[in-house]
Protein chains: 2
Amino acid sequence: MLVTVDVVIFTIRDGTLQVLLVRRKYPPFKERWAIPGGFVHDRETLEEAALRELREETGVSDLYIEQLYSFGDPGRDPRGRVVTIAYFALVSSARELKASTDASEAAWFPAGKRPPLAFDHDQILDAALSRLRNKLEYTTVGFQLLPRAFTLTELQRVYEAILAKRLDKRNFRRKMEILKVLKPLGDVRRSGLKRPARLYVMRRTKFEL
Amino acid sequence: MLVTVDVVIFTIRDGTLQVLLVRRKYPPFKERWAIPGGFVHDRETLEEAALRELREETGVSDLYIEQLYSFGDPGRDPRGRVVTIAYFALVSSARELKASTDASEAAWFPAGKRPPLAFDHDQILDAALSRLRNKLEYTTVGFQLLPRAFTLTELQRVYEAILAKRLDKRNFRRKMEILKVLKPLGDVRRSGLKRPARLYVMRRTKFEL
DNA sequence: ACAAAAGTGTTCGATATACACCCATGT
DNA sequence: ACATGGGTGTATATCGAACACTTTTGT
């Protein structure tokens, strides 16, 4: 029986939640877009395999990753029995990513507006999305999508992009304050023609996440 | 690479949350207790495999089951690379279970007071316990541990056994009322020398769980 | 009559939501 | 001076936690 890992890689681009997909070059599902993934090697843990796939696709390695769910219906891959352990990962929007992999065409798609995917990858992506939305509410995963230093408005835009709804600025800021994870940097970001915004970094907390 | 399913089977016995373990007859971990499990067959889904293991161990088949997490560290099984998809299942305390399997010795242990287990099964069991406790708070999984008809006190005892703490009777009943999942049966249970308790069944809701 | 478990409301603090105006900056 | 996004507080509704007495039955 074959075991693979598939990694749903999210980032924020242009203010929307986007997911990295690769275009398949061979059958089955030739030319269809799919979630990046590959076989688990003999001496690596499942998470190491997921991190390796991630690094191969994006070039980055130190980031948030979490096991999502395992999919193994017979027939999900027409070539044979393949069980996949799905992971999801969050990449900071500041990271410079390998433009497109040597081996395969890769591109970012808005998570909600994407082409139909190969295999059961639509199902996997939906599971990742709903897990991400859930965790956003009771953890600090959202911070993983931003660069080290960020403004409160940027953070709020991340939440809004993921939840796909507008949030109240004052309530949002109060909630963040209660979490006690924001450390003011004293510094500001001047982004052009308006009042500069204070910068924050995430305080390392043992809990949350 | 080998793929197995392991199933953490919970029930309520003597007012405590118990888990079904089997004693291993062969190395590795000969004589140690372990979570029941086995290989995934070629033409069955992962969940079907988990249900089959469950039926083989307990003789029951229509019950609550849910995928928990996958464990696949190299070295978790000294015989070779084995990835296991862990499930957890809830068996109603009313069910008559096969006393002990033909093939292997099986027994119930209090979930909190159990012997050290084979492989990484302690880790799996801990994960199952914390998942169960979590889900208890925002779903109706707890009902799965009771027979079809039950009293409110019985239901409260289930919650208390799982959370390992006492709950307030009035607050508990109000919470159940808000859930709108209790259908009064009109009938009562006379259990001896005291006031009879009203019986309820769970109303089938599409949501929850 | 009494022992034993069933059943029932109210108060209070904490948390979540709705809502509008002034501030600092660059041009 | 004005346009732009940054920043701030209060009032109300909702939810969870604490808490004690009366009712129904069998003996």
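Letters A, B, ... mirror the listed sequences (proteins, then strands); counts begin at 1.
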Inset, instruction - Determine whether any donor atom in the side chain of A:R170 lies under 3.5 Å from an acceptor atom in the base of C:dA18, or the reverse, and answer yes or no. - result: no
Nearest whole Å is fine: how far is [N] [atom2] from [X] [atom1]?
X      : N      : atom1 : atom2 : value
A:L167 : C:dA18 : CG    : P     : 11 Å
A:D168 : C:dA16 : CG    : P     : 14 Å
B:R189 : C:dG7  : CZ    : P     : 12 Å
B:F172 : C:dG9  : CZ    : C1'   : 18 Å
B:R166 : D:dA17 : CZ    : C1'   : 16 Å
A:L179 : C:dA16 : CG    : C1'   : 14 Å
A:K169 : D:dG9  : NZ    : P     : 13 Å
B:L199 : C:dA6  : CG    : C1'   : 13 Å

Any side-chain donor near an acceptor of the partner, [X] and [Y], under 3.5 Å:
X      : Y      : answer
B:T45  : A:D73  : no
B:S93  : B:T11  : no
A:R131 : A:N134 : no

Legend entry - For DNA chain D, the residues among residues 146-164 of chain A that have a non-hydrogen atom under 4.0 Å from it: A:T153
Legend entry - Shortest side-chain distance from A:N171, nucleotide among C:dA18, D:dG7, C:dG7: C:dA18
When we call it a touch if two heavy atoms are under 4.0 Å apart, what does [X] touch: a base, just sugar-phosphate, or nothing?
X      : result
A:K175 : nothing
B:R198 : sugar-phosphate
A:R174 : base

Inset, instruction - Could you tell me whether the side chain of B:S61 reaches within less than 4.5 Å of the side chain of B:L51, counting heavy atoms only? - result: no
Legend entry - B:F143 vs B:F150, ring-ring contact (aromatic ring centres under 6.0 Å, His included): CA-CA, chis, key distance, verdict: CA-CA 9 Å; B:F143 293 69; B:F150 52 86; 5.7 Å; yes
Legend entry - Basic-acidic side-chain contact under 4.0 Å: A:E66, A:K135: yes
Legend entry - B:R157/B:E154 salt bridge by N-O under 4.0 Å criterion: no
Please enumerate all protein N or O atoms sitting under 3.5 Å from an N or O of nucleotides 22-27 of chain D, with distances to 0.1 Å.
residue	atom	partner	partner atom	Å
D:dT23	O2	B:R195	NH1	2.6

Inset, instruction - Quickly, which of A:R114, A:E105, A:R24 forms a side chain to side chain contact (heavy atoms under 4.5 Å, CB included) with A:W33? Name it, please. - result: A:E105
Legend entry - Evaluation steps, salt bridge (charged side-chain N to carboxylate O under 4.0 Å, His left out), between B:E48 and B:R52: CA-CA 6 Å; B:E48 281 162 3; B:R52 179 175 49 72; over 6 Å; no
